[in-house]
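In what follows, a structure is listed as structure tokens, so that the remarks can point back to it.
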Protein chains: 2
Amino acid sequence: MESPCCPPQECTPGALLATPLDGAEDTLAALAKALGNPVRIRILRLLVARNACICGEIVEEMPLSQSTISAHLKFLKDVGLVQGTIDGPRVCYCVNPAVLKQLKILVACL
Amino acid sequence: MESPCCPPQECTPGALLATPLDGAEDTLAALAKALGNPVRIRILRLLVARNACICGEIVEEMPLSQSTISAHLKFLKDVGLVQGTIDGPRVCYCVNPAVLKQLKILVACL
DNA sequence: CTATCCTATCGTTAAATGACGATGGAATCG
DNA sequence: CGATTCCATCGTCATTTAACGATAGGATAG
């Protein structure tokens with residue numbers, strides 16, 4: 001069990017090229033706003049570290065209520081940084097590698 | 001005139017090494033929050049593009065009031081991304097290269 | 001079917017954001 | 001000195017965030 005709900009992440013820290021810097025200001029602003037909270041950064045780090053999915057475990061890792069964590073997850077999900085998959089009675093979260101990469105590119109091109 | 005208030009920026013897109021990932025969550029969150037607004041991103045881009053300083057010119061570039069721009073500049077200044085130097089009757093703003101680099105490093109290490 | 005567990009959503013409250021106009025202070029120009 | 005210019009700050013208002021407890025819904029377990 002504990003089958004990952006996401007394909008293994010590809011590690012390509014290079015290849016930060018060809019960026020749509022067009023009207024990407026709103027995109028970058030939305031992504032940056034999602035990062036603009038320590039709790040959400042910790043959640044992201046957790047999801048990256050256990051390069052698979054988690055959910056209620058996140059609540060155990062932080063001194064915050066379940067509803068608060070759920071709200072942060074929704075924030076991250078709405079911006080596309082995180083995906084949630086229903087896995088039986090629980091929900092499996094994981095990082096969306098493409099969006100995270102896009103964020104890194106946009107910031108690197110500042 | 002128009003003497004730049006900041007030394008010329010060094011372009012070192014590489015060298016993203018040795019990061020204090022320790023308790024940098026709050027630091028990254030603060031920096032990301034500053035980026036979490038399209039207006040502030042545009043201001044940053046302006047300051048980077050004219051790799052020197054500006055001030056009232058920023059107001060002319062955006063459809064926002066002077067007080068609003070001033071508030072955004074204060075936000076960017078409080079987080080360290082921007083510096084302001086008094087230059088006679090006007091104020092000269094420029095990006096703080098070290099902090100911007102730190103931001104890029106922290107995001108790249110996500 | 002019923003009970004239990006996990007998560008999302010609702011309702012609430014306090015604080016922070018974002019925008020504006022108006023005011024005030026500092027420095028230059030005349 | 002006096003007028004003007006440039007910018008920061010103040011006060012206000014609407015919206016958004018962040019946190020909580022409580023509630024509801026969906027799926028498994030018994």
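So that the names make sense, note that chain A is the first sequence line, chain B the second, and so on, each numbered from 1.
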For this session: Would you sort out whether A:Glu61 and A:Arg42 count as a salt bridge (charged side-chain N to carboxylate O under 4.0 Å, His left out), showing the intermediate values?
Result: CA-CA 9 Å; A:Glu61 297 282 348; A:Arg42 289 189 57 191; 5.4 Å; no
Exercise. Of the residues in residues 30-42 of chain A, which ones touch DNA chain C at a heavy-atom distance under 4.0 Å?
Worked result: none
Exercise. With a 4.5 Å limit on heavy-atom distance, are the side chains of A:Ile58 and A:His72 in contact?
Worked result: no
For this session: Starting at atom CG of B:Asp26, determine the distance to atom P of D:dA18, rounded to an integer number of angstrom.
Result: 13 Å
For this session: Could you check how far CE of B:Met62 sits from P of D:dC7, rounded to whole Å?
Result: 14 Å
Problem set entry | A:Phe75 CZ to C:dT17 C1', straight-line distance once rounded to whole Å | 12 Å
For this session: Using atom NE2 of B:His72 as one end and atom P of D:dC7 as the other, report the distance to the nearest whole Å.
Result: 17 Å
For this session: Treat primed atoms plus P, OP1 and OP2 as sugar-phosphate and everything else as base, then score nucleotides 7-14 of chain C 5' to 3': B for base contact with protein heavy atoms under 4.0 Å, S for sugar-phosphate contact only, - for none.
Result: BBB-----
Problem set entry | Spacing of A:Glu60 atom CD relative to C:dC5 atom C1', expressed in whole Å | 13 Å
Problem set entry | Short side-chain donor-acceptor distance under 3.5 Å, B:Thr68 and B:Ser65 | yes
Problem set entry | Worked check of side-chain contact (heavy atoms from CB on, under 4.5 Å) between A:Gln83 and A:Val95 | CA-CA 6 Å; A:Gln83 290 172 324; A:Val95 174; over 6 Å; no
Problem set entry | Short side-chain to backbone donor-acceptor contact, B:Arg40 and B:Ala34, under 3.5 Å | yes
Problem set entry | Sub-4.5 Å side-chain heavy-atom contact between A:Leu110 and B:Val48 | no
For this session: May I have the step-by-step check of side-chain contact (heavy atoms from CB on, under 4.5 Å) for B:Ile43 and B:Leu76, ending in yes or no?
Result: CA-CA 9 Å; B:Ile43 292 177; B:Leu76 289 169; 3.9 Å; yes
Exercise. Tell me: CD1 of B:Ile58 to P of D:dC6, nearest whole Å?
Worked result: 14 Å
Problem set entry | B:Leu73 with B:Ile86, same ILVMFWY side-chain cluster at under 4.5 Å | no
Exercise. Could you state the CD1-C1' distance from B:Ile86 to D:dT5, rounded to the nearest angstrom?
Worked result: 15 Å
Exercise. CG of A:Asp87 versus P of C:dC5: gap in Å, rounded?
Worked result: 18 Å
For this session: Check whether B:Phe75 and B:Leu35 end up in the same hydrophobic cluster, where Ile, Leu, Val, Met, Phe, Trp and Tyr are linked by side-chain heavy atoms less than 4.5 Å apart.
Result: no
